[in-house]
There are 2 protein chains.
Amino acid sequence: MIRAALSLFFAVLAVPAQAIEIQEVTSPGGITAWLVQDDSIPFVAVEFDFKGGASLDAPDKRGAINLMTATLEEGAGKRDSVAFAQAAEDLGARFSFDVSDDVLTVGMRALTQNRDETAALLAEALTQPRFDDAAVERVRAQVQAIIRSQETDPQAIAAKEMARQAWGDHPYATSINGTAESVAALSRQDLVAAKNRVLARDRVVVGAAGDITPEELGMLVDTVLGGLPEQGTAPLPEPADLQLTGGVTVIDWDSPQTVVSFAGPGLPIDDPDYFAAYVANHILGGGGFSSRLMTEIREKRGLTYGVGTGLATGLYGQTWQGGMSGSNATTGQAVDLIRQEWDRMAQGVSDAELADAKTYLTGAYPLRFDGNGAIAGILAGMQINGFPIDYVDTRNAKVEAVTAQDVQRVAGRLLKSDRLRFVLVGRPEGIAATDPALTEVLPVE
Amino acid sequence: MIRAALSLFFAVLAVPAQAIEIQEVTSPGGITAWLVQDDSIPFVAVEFDFKGGASLDAPDKRGAINLMTATLEEGAGKRDSVAFAQAAEDLGARFSFDVSDDVLTVGMRALTQNRDETAALLAEALTQPRFDDAAVERVRAQVQAIIRSQETDPQAIAAKEMARQAWGDHPYATSINGTAESVAALSRQDLVAAKNRVLARDRVVVGAAGDITPEELGMLVDTVLGGLPEQGTAPLPEPADLQLTGGVTVIDWDSPQTVVSFAGPGLPIDDPDYFAAYVANHILGGGGFSSRLMTEIREKRGLTYGVGTGLATGLYGQTWQGGMSGSNATTGQAVDLIRQEWDRMAQGVSDAELADAKTYLTGAYPLRFDGNGAIAGILAGMQINGFPIDYVDTRNAKVEAVTAQDVQRVAGRLLKSDRLRFVLVGRPEGIAATDPALTEVLPVE
């Protein structure tokens, strides 16, 4: 659930008042890339996004794509991890490798004068990663440390249980990190197989910004991606059916505070009601200090420092979710208020709420277009989400077009408190688990 | 010591191959600002840096400027913290408030269409902060949590002890956070006094980048700063005498690893030997995987995962410092190697080392100029350090001009292992404290 927020981020795109000119470039090898050309400083940022991400893990190899991604920068071809880092340093290059439920992201920043060599070095990492024993063991130890720390983090525990209830046998149901056992069992061959599942040309999109011409970008893209297989060995993930039911799960945790996580049905980013839901979410719990939930739970009653909601618009499954924490004694009261506000949205919103939400949602977004790196990421994210190339220019009009009726309709369709699942981690008072057995099924270390 | 790294960061400025045009603007009210004009997206980033920073704390009020800075965004004038945050949200504005040993930094990002209102809101925060009880208590609790966590962090423990030995009665000797006791004792009046010590027009510099004309910037600067007092109630800090002596301090800490911190004399950023030292540092321990220390300690012997050095060019005192961690059993060996390499620099460097260092140090810097926010910060940092306005264009030539003789000279002047103090936190083997009493003087919770 937490990781689905990546897609949410991509959805919150900015609309500069002055248009940013996006060019579509097709490389000689036939790969499409989107480009914002800008030669004010002599470097280019490029982002390569591979769709499917960690959801492409083989069922019995959970964590392999995450471990593989983190090891891509640990040496390639004839260079071990130190030689690879040194080569990047010498070129003034920066690479980044990251993975979420939906996307494996590879970023590069290259100086104009070293652009070709930088692209060749990145190609080496993607096509000839070494996965040396020492490097794999070091990265594996880091992943294991993260897994261990999440076992004692109440927010991570809540997210894990919510994902487990929500997503059945889809990879979304489990962590991209894998478990201590699955990660311990991963072999070098598993990492090679993981790479071949996800790093392929049939699932990649490219965004670029900076000092590069369309022709140069075409060649760069072919240099970086040309050596990858045409197709990944794993098909893209199937859509996941949301299996979450209304109710309350309590996980006993010795703390004066309870972490409250809640989620119900959401909608995909290409749903006709998406922008109505986006505005509704801002009013309900997305608007920082001005949202209804903040007003009721924090401002009027002081039951939490912060409460928020968001549309988790994952590519393969979606929720409308939220979270807060507060003292054990008032958890029951806070949950009641969340339920009330969840249902009250279907009664409609005021003109002032609607106008404030639109002002905020259309106003602040140019700030996100600050720099080549940010713009390259936005261009890749637009393609991952299937947006048209003129999305940046049309998005604000779509927000503006949302009416109070639209908000009421989407709220009536999706925001029903009896479909809202609460996962409480703590020793909450004034509320009981609807399925008490669950607290025993789930082992908590 | 750790905080002095801020100035270090400012010193490592980037040099775009294509010149960035910096304009000097004088506001109607007489304040100077540096500007890079760029109207490609409709917003401007402005950074206001107040020299002196947390070093301007009154002697018996340590932590006041830090607590004050963190509370500036918690409401001003008629707006409490929520209303202030909401007003910023409505404008699509972003503010940041931060402080280090040397500088209190205020950042703003404003949409072109809301620029005047955003400046007026920031002016309110700087001139009429409320310091409401509830907000102060919340921020105070956060600071206390940081202080507590540093008491059990071996790296923070090492840095604290090094600073204590280095800086006598200068504020550099103690943490900007203050102590649990000093922070607990701070009153609202102390915060008001702290503000008046540091937030004044006689010590501020301004950097700006984005969609704004020089005339508009002049008016914005006067809006934000015009209501501040002409002079701070505390004079700028005196230079601090480095009191560090060579030797070894051991702080007993139950861990299989020892944190190794080391420091000796450095030099200010306007020293004629500064660029020679900058190149020398890269070769010695600043160059990531390619440095001499990494080669000897990590590559050849595997005694650590990483070891590095840096010039801490604080405005009021400087060191040449470094750090690593490794197993207790090999700490003595690692310290011997650091001492050897510290002394070996005065024997000279090879042509290849010198050329590689220059390639790296001159090559990668355009990457830092990515975006209006980054550029505004660089422009302010240049002024804090007293650099000329053409520094960006001349910096690479200064790096290129460094000769092997220059490196050898500055190494002979500064890099002497018998002046290097080691602070070891752990249970190191093969090395003993030169002043065993010290381990008892310093309380470790």
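Per chain, numbering begins at 1; letters A, B, ... match sequence-line order. Being a predicted model, the structure only gives us computed values, none of them experimental.
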To the closest 0.5 Å, what do you measure between [atom1] ([X]) and [atom2] ([Y])?
X	Y	atom1	atom2	value
A/Ile20	B/Ile41	CD1	CD1	6.0 Å
B/Ile375	A/Ser40	CD1	OG	7.0 Å
B/Phe289	A/Asp80	CZ	CG	9.5 Å
A/Phe369	B/Asn372	CZ	CG	13.5 Å
B/Gln86	A/Met294	CD	CE	9.5 Å

- State, yes or no, whether a side-chain contact exists between B/Asp90 and A/Thr359 at a heavy-atom distance under 4.5 Å.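 B/Asp90 vs A/Thr359: side chains apart.
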- Item | Side-chain heavy-atom pair A/Arg298, B/Val82 within 4.5 angstrom cut-off |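 Yes, side chains in contact.
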- For A/Asp390, does the CG atom have more than 12 heavy-atom neighbours from other residues, nucleotides or ligands under 6.0 Å away?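 Atom CG in A/Asp390 is crowded, with more than 12 foreign heavy atoms closer than 6.0 Å.
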- Item | Least distance between heavy atoms, A/Leu111 atom then B/Gly363 atom |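 Heavy atoms of A/Leu111 and B/Gly363 come nearest at CD1-O, 2.8 Å.
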- Query: Most heavy-atom pairs under 4.5 angstrom with chain B, which of A/Asn114, A/Asp370, A/Asp38?
  - Reply: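 Sorted descending by pairs with chain B, the first entry is A/Asp370.
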